[in-house]
There are 2 protein chains.
Amino acid sequence: MVRKTKEEAEITRRHIIAAARRVFLAWGVGRTTLERIAAEAGVTRGAVYWHFRNKTELFFAMREQAILPFLDRVVFKEDDADPLQGIEMALQEIFHILRDQAEVRETFEIISFKCEYVNEFSGMMQCTGGQLDFLGKLTEAYRRAEARGALRAGSAPADLAHDTFLFVGGLIKHWLAGRPDERFRSDPAGLIRNHVALRRA
Amino acid sequence: MVRKTKEEAEITRRHIIAAARRVFLAWGVGRTTLERIAAEAGVTRGAVYWHFRNKTELFFAMREQAILPFLDRVVFKEDDADPLQGIEMALQEIFHILRDQAEVRETFEIISFKCEYVNEFSGMMQCTGGQLDFLGKLTEAYRRAEARGALRAGSAPADLAHDTFLFVGGLIKHWLAGRPDERFRSDPAGLIRNHVALRRA
DNA sequence: CGCTTTACATACATTCTTGAATGTATAAAA
DNA sequence: TTTTATACATTCAAGAATGTATGTAAAGCG
């Protein structure tokens, strides 16, 4: 066996994560063996065990990679002229990421449908910190909109934020699950536009 | 072994399904062995194999049981005075069922979080017939509301129905996942009320 | 230049699971 | 009353899958 440099080892590590994503998606996390991941990555199980303590750690490494784009790209712009526009664009951006970045989409598909939330994983089904953060930012954005008089009367920002949060959760799930011809999959932009329009003053 | 009568065999069958539900919930469907289900039900694996061809068939039998209460109890009453009231009550009823019927709630938890949608199961992640039926009834109900002038202007019934459908999907998921102190878990009624109120003329 | 650590591959022991085969006592049918 | 089908229990063979232990050759470092 030819010993690799640090850079080459890092590449191997990424290959293993990418292979894991493909195999998880096709077989589900539970039915995926490290042997199969290794084969898919063109290495042996020994290599996988070298880089990751076990399947769980590999799973979390994969998950981490997919969350980063959202932290970077989903932001609530403060548009004084139309505060709700910032909310709408943030929501749209979620689906742009899912559409454009296959690895992110596949990872979300795995998290949503190819994984059992039990034992070490059971905490993951609750709202994660990132999700609560998103809910908080949504609430702030609606508050700003209210201050600008952009909201229709009778709706508290916090309630609107909760409603939007649940809407987005449902949409992500159905978007991921749906076949291309289904509405949830084909027209998230329209659904988001309608959702936000309901809130306009 | 004492051979059982048909009635006793039916009871055994139900016991096995109930045991499977408990074990699925704790261990996840994939990591659950028929041996463990059998032990939980107080029978041997032979009995399980007698009643069900394999774990998949047992899973679907359990699932079937949990869907029935919704077909019975979630109905859209046609209230001419306040058509949106019928929609709101139908949504509320979903969570009454989940709150009151532990077996239904647990089964939904399994379907949502303790099961990998792969191979035979992969079709299940799409909208089932029951869900599409629900969406259809929602659309009809909103159409009736529009005809009665109960809807705020500018929103098409079909769009409202989609929005509500996604909201409910998100709410069910977060309600199931949440701990009792979380808002999604503690106050679905309020969230539903706000959601419907947004649509009022 | 020699030692140590790294980055894997290989081999092994152990532990589940599963499906099927077989046994068996009795309920139900004839 | 005899026969047959039922409703399980028990046993077995065989194949994964896992974690670990060990081998190894080269990279990295003083």
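All values reported here derive from a predicted model rather than from experimental measurement. Letters go in sequence order (proteins before strands), and every chain restarts at 1.
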Nearest-Å distance for atom pair [atom1]/[atom2], residues [X] and [N]:
X: N54(A); N: dT20(D); atom1: CG; atom2: C1'; answer: 13 Å
X: W50(B); N: dA25(C); atom1: CH2; atom2: P; answer: 17 Å
X: F52(A); N: dT18(D); atom1: CZ; atom2: P; answer: 15 Å
X: I11(A); N: dC8(C); atom1: CD1; atom2: P; answer: 10 Å
X: H15(A); N: dC8(C); atom1: NE2; atom2: P; answer: 11 Å
X: E8(A); N: dA27(D); atom1: CD; atom2: C1'; answer: 10 Å

Exercise for the section: Check the surroundings of atom CZ in R14(B): do more than 12 heavy atoms from other residues, nucleotides or ligands lie under 6.0 Å from it? Expected result: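 Not buried by this count: 12 neighbours or fewer within 6.0 Å.
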Practice task
Kindly assign one of parallel, tilted or perpendicular to the pair F184(A) and H162(B), based on the angle between their ring planes and the thresholds 30° and 60°.
Solution key: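 Taking H162(B) first and then F184(A), their aromatic rings stand perpendicular (interplane angle over 60°).
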Practice task
Over 60° means perpendicular and under 30° means parallel, so classify the ring planes of F165(B) and H174(A), tilted if in between.
Solution key: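 Correct class here is tilted.
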Problem - Exam field: side chain K55(A) to backbone G30(A), donor-acceptor pair closer than 3.5 Å - result: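 Yes, because the side chain of K55(A) sits within donor-acceptor range (under 3.5 Å) of the backbone of G30(A).
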Handout entry: Partners passing side-chain contact (heavy atoms from CB on, under 4.5 Å) against Q126(B) (at least two apart in sequence or in another chain)
Key =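 For Q126(B), the residues satisfying side-chain contact (heavy atoms from CB on, under 4.5 Å) (neighbours in sequence not counted) are R179(A), E182(A).
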Show me the protein contacts with nucleotides 10-18 of chain C, counting only N or O atoms at under 3.5 Å.
unit_1, atom_1, unit_2, atom_2, d
dT18(C), OP2, L34(B), N, 3.4

Exercise for the section: Have a look at F108(B) and tell me which of F70(B), W175(B), F95(B) forms a ring-ring contact (aromatic ring centres under 6.0 Å, His included) with it. Expected result: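 Going through F70(B), W175(B), F95(B) one by one, the ring-ring contact (aromatic ring centres under 6.0 Å, His included) with F108(B) is satisfied by F70(B) alone.
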Practice task
Would you tell me if any nitrogen or oxygen in the side chain of H51(A) comes within less than 4.0 Å of OP1 or OP2 on dC8(C)?
Solution key: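 Yes, within the criterion.
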